[in-house]
Student: 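Would you mind keeping the following structure in view while I ask a few things?
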Amino acid sequence: MIVRTRFAPSPTGYLHIGGVRTALFCWLFARKHGGKFILRIDDTDQQRNVEEAIAPILHGLRWLGIDWDEGPEIGGDHAPYYQSQRCDKYQAAVNKLLSCNYAYRDYARTEEIQAERDAAVKEKRTFTYSRNWMAETDEDIKRFESEGRQCVIRLKMPREGKLIIDDLIRGKITFNWADEQDHVIQRADGSFIYHLANVVDDEDYKISHVIRAEEHLSNTPRQIFIIQSLGYNLPAYAHLPFVAEPGSKTKLSKRKLEKYLKNKDFAKLVEHGKSIANRIGLKTTDDNFNPVIVDFYEQVGYLPEAIVNYIALVGWALDDKSEFFLMNDLIEKFSLEGVTKGAASFDPQKLFAFEEKHFLKLTIDKKIKLCTQFLEKAKIFPSAYDGILDKVIEAAGDRIKVAGDILNFSDFFVSDGALEFDEAIYNKRIINQPNSKILLKEFYDLLTQQDQFDKTSLENLMQEFIESKLIKANDIIHALRIAITGKGVGLGMFETLEILGKERVLERIKKFFEQH
RNA sequence: GGCCCCGUCGUCUAGUGGUUAGGACACGGCCCUUUCAAGGCCGCGGCACGGGUUCGAGUCCCGUCGGGGUCACCA
């Protein structure tokens, strides 16, 4: 069998983290089995600009390295890949269903159906439509229409027997046909409902494995009914557990940002992102800046491979020890057997840990490239300070976990009189340490005479200084750090001095004394 | 409420009848230390509950409880 999987987002304007997880699993399964991965746009009820709304979705998938063999922008043998352009096929399917008596015209008014539904709820039983307004003959149609009624097309579902779905992840699942409803497949305005379109497309595209989130499990029976009625091939099903909220089992949702912000770890992720966003002049609204949306990560400089690695592990595991995976490892190792059944909650801390690991593995050239992009977005141009960016990155080591973190070290790339000083730390280390300025001045004098400006020589110089003054390194280093970086935290002191170089260090200390 | 799914440390998970229940993230402590990171070492912490089956159950069966999904002329 040729494996063909598909991911079918609706044009919402953003790529949900749970959505990519589904896309990734579909993609991995196809790649692993040498099959095809198809992207289809579920825009049966198009009320907005579809192209505009799918752009972020396509972009996000590409950013993560999830490419499609057929679909929007690239076409394919089964084009078009937009449901809105396939109505003739859906109409043909509906006609066939109607002619075989697997579907019927229904003239019930919304209130009439609702009344029956309410009654069922009240009696605590499964709702079953009376079919009182089902039109089976031309006379029925004439009669209902003379009453000013409009019709929808409903499935004529079986009312007895069982359906057993063999799910690749969950095993056998039994449904009673009697619990199913006569679902609408074509609306009064002639447009088609997802379930019908979905089944027709899957058949047309020759989808072999329907891999989708668990929320679709309960509407699988009606889809199978359509498949069987139309004589289509039954695809294999695999219902994935969904990605849940941090610390909960409820489905993760874009709209609950405010709630998630109460989670300390989630809030931290957002805060960290915002600090980067602010420095690159990115406006952060809840709509565009939300860790539930994949775009968030690209904006602040996360690595796509880290995101992929993390989400692959939300609901899938290879064994009891492997956790670090690159895309190619995943293709090789992925299997539906490794997919777990229970909902897996989104863990911001673990995601961040993967980012850290992946960033650390990057070559210096790659880091330079990524960090440069963020400096430039912040209107900082490292090229003005020739050759120090690589030294800063090297010295920063694990301190840079996300490309945007380079902005924590932007003080290396501003002119020597333009440092911003952290007031709190200034008060703590300078104002409250009266001796610090005197010591700093003395050390400054020593530096002016220091020719060897490498970190080892400087460390020796410092050592001699503190021994001669009978002080501790603490007594001078903090003041020195503030004078030359404006901050209380940063790289190793002597590395900082070496990278800045004698001229800039002296200039900065001089300016510091002038300004303070 | 009906139907369906799920239930191992806080979180992600390994586990397919015999394990001192393993790992990762997080957390706590110690070491290192000029700040912040990182690193090293140690530690905390779990089979939802109750019945069976079995010599033996996290693992199989039943029930209970808990969580979730779904019940649209949304996808």
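As a basis for the values below, the full set of heavy atoms in this structure was taken, side chains included, without hydrogen atoms, waters or symmetry mates. Protein chains get the first letters and strands the later ones, always in sequence-line order, with residue 1 at the start of each.
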Student: Any side-chain N or O of A:T44 less than 4.0 Å from the OP1 or OP2 oxygen of B:rA75?
Tutor: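 Yes, within the criterion.
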Student: For A:Y444, does the six-membered ring have the charged nitrogen or CZ of A:K441 within the cation-pi criterion, i.e. under 6.0 angstrom from the centroid and within 45° of the normal?
Tutor: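 No, A:K441 does not sit over the ring of A:Y444.
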Student: For A:V121 and for A:L351, find the nucleotide of RNA chain B with the closest heavy atom, then tell me which residue's nucleotide is more 5'.
Tutor: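 Here A:V121 is the residue nearer the 5' end.
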Student: Looking only at atom P, what distance separates B:rU19 and B:rG2, rounded to whole Å?
Tutor: 40 Å
Student: If the C1' atom of B:rG10 is compared with that of B:rU33, how far apart are they to the nearest Å?
Tutor: 31 Å
Student: Side-chain donor or acceptor of A:K321 under 3.5 Å from a matching atom on the base of B:rA24?
Tutor: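 Under the 3.5 Å cut-off, the side chain and the base do not form any donor-acceptor pair.
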Student: Using a 4.0 Å heavy-atom cut-off, does A:K401 contact any base of the nucleic acid, only the sugar-phosphate backbone, or nothing at all?
Tutor: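 Answer is sugar-phosphate: A:K401 comes under 4.0 Å of backbone atoms only.
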Student: Just wondering, are more than 12 heavy atoms of other shown residues or ligands nearer than 6.0 Å to NZ in A:K455?
Tutor: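 No.
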Student: Among all residues two or more places apart in sequence or in another chain, which pass the salt bridge (Lys or Arg N to Asp or Glu O under 4.0 Å) test with A:K341?
Tutor: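 Not a single residue meets the salt bridge (Lys or Arg N to Asp or Glu O under 4.0 Å) criterion with A:K341.
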Student: For nucleotides 29-31 of chain B, list the nitrogen or oxygen atoms of the protein found under 3.5 Å from its nitrogen or oxygen atoms, one pair per line.
Tutor:
none

Student: Under the salt bridge (Lys or Arg N to Asp or Glu O under 4.0 Å) test, which residues partner A:E442, sequence neighbours left out?
Tutor: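 Listed in chain order: A:K469.
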Student: With sequence neighbours excluded, tell me which residues meet side-chain hydrogen bond (donor to acceptor under 3.5 Å, both in side chains) with A:R109.
Tutor: none
Student: Please state whether the phosphate of B:rU13, meaning OP1 or OP2, lies under 4.0 angstrom from any side-chain nitrogen or oxygen of A:T340.
Tutor: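 The answer is yes; a side-chain N or O of A:T340 sits under 4.0 Å from OP1 or OP2.
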Student: Can you check whether A:R117 has a side-chain N or O nearer than 4.0 Å to OP1 or OP2 of B:rA72?
Tutor: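 For B:rA72, OP1/OP2 do have a side-chain N/O of A:R117 under 4.0 Å.
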Student: Pick the closest RNA chain B nucleotide for A:L360 and for A:L313 by heavy atoms, then say which residue is nearer the 5' end.
Tutor: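 This one resolves to A:L313.
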Student: According to salt bridge (Lys or Arg N to Asp or Glu O under 4.0 Å), who are the partners of A:K256, at least two apart in sequence or on a separate chain?
Tutor: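 Once residues adjacent in sequence are excluded, the partners of A:K256 under the salt bridge (Lys or Arg N to Asp or Glu O under 4.0 Å) criterion are A:E245.
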Student: Using modelled atom types and a 3.5 Å cut-off, is there a donor and acceptor pairing between side-chain atoms of A:D182 and backbone atoms of A:M157?
Tutor: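 Side chain of A:D182 to backbone of A:M157: a pair is present.
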Student: Given the rule in the salt bridge (Lys or Arg N to Asp or Glu O under 4.0 Å) test, do A:D422 and A:K487 qualify, once you have shown the distances and angles that lead to the verdict?
Tutor: CA-CA 6 Å; A:D422 180 323; A:K487 295 176 192 163; over 6 Å; no
Student: Which is true for A:I476 with a 4.0 Å heavy-atom rule: it touches a base, it touches only sugar-phosphate, or it touches nothing?
Tutor: nothing
Student: Using OP1 and OP2 only, check whether a side-chain N or O of A:K251 sits under 4.0 Å from B:rC5.
Tutor: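 So the side-chain polar atoms of A:K251 never come under 4.0 Å of the phosphate oxygens OP1 or OP2 of B:rC5.
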Student: For RNA chain B, find the residues of residues 156-167 of chain A with a heavy-atom distance under 4.0 Å and give them by number; none if there aren't any.
Tutor: none
Student: Ignoring the backbone of A:N474, work out which of B:rU34, B:rA14, B:rC12 is nearest its side chain.
Tutor: B:rU34
Student: Test for a donor-acceptor pair under 3.5 Å between the base of B:rC36 and the side chain of A:R399, counting only N and O atoms.
Tutor: yes
Student: When the P atoms of B:rU20 and B:rC30 are considered, how many whole Å apart are they?
Tutor: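 Here B:rU20 and B:rC30 have their P atoms 33 Å from each other.
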Student: When rounded to the nearest Å, what value does the distance between P atoms of B:rG58 and B:rG22 take?
Tutor: 14 Å
Student: Quick one: is B:rU11 close enough that its OP1 or OP2 comes under 4.0 Å of any side-chain N or O from A:S345?
Tutor: no
Student: Tell me whether the OP1 or OP2 atom of B:rA75 has a side-chain N or O from A:R187 closer than 4.0 Å.
Tutor: yes
Student: Any strand is fair game: report the nucleotide pairing with B:rG10 by Watson-Crick or G-U wobble, both distances under 3.5 Å, or none.
Tutor: B:rC25
Student: How far does the P atom of B:rA14 sit from the matching atom of B:rC9, given to the nearest Å?
Tutor: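 Nearest-Å result for B:rA14 against B:rC9 at atom P: 12 Å.
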Student: Determine, answering yes or no, if A:H216 is stacked on B:rA75 under the 5.5 Å centre rule and the 30° plane rule.
Tutor: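 The ring of A:H216 is stacked on B:rA75.
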Student: Considering only the C1' atoms, how many Å lie between B:rG46 and B:rG23, rounded to the nearest integer?
Tutor: 14 Å
Student: Between B:rG22, B:rA37, B:rU13, which nucleotide has the shortest distance from any of its atoms to the side chain of A:A317?
Tutor: B:rU13
Student: Can a cation-pi geometry be assigned to A:K361 and A:F324, taking NZ or CZ under 6.0 Å from the six-membered ring centre and within 45° of the ring axis?
Tutor: yes
Student: Return no unless some side-chain N or O of A:R109 is found under 4.0 Å from OP1 or OP2 of B:rC73.
Tutor: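 Checking B:rC73 against A:R109, no side-chain N or O comes under 4.0 Å of OP1 or OP2.
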Student: To the nearest 0.5 Å, tell me how far A:E394 CD sits from A:I364 CD1.
Tutor: 4.5 Å
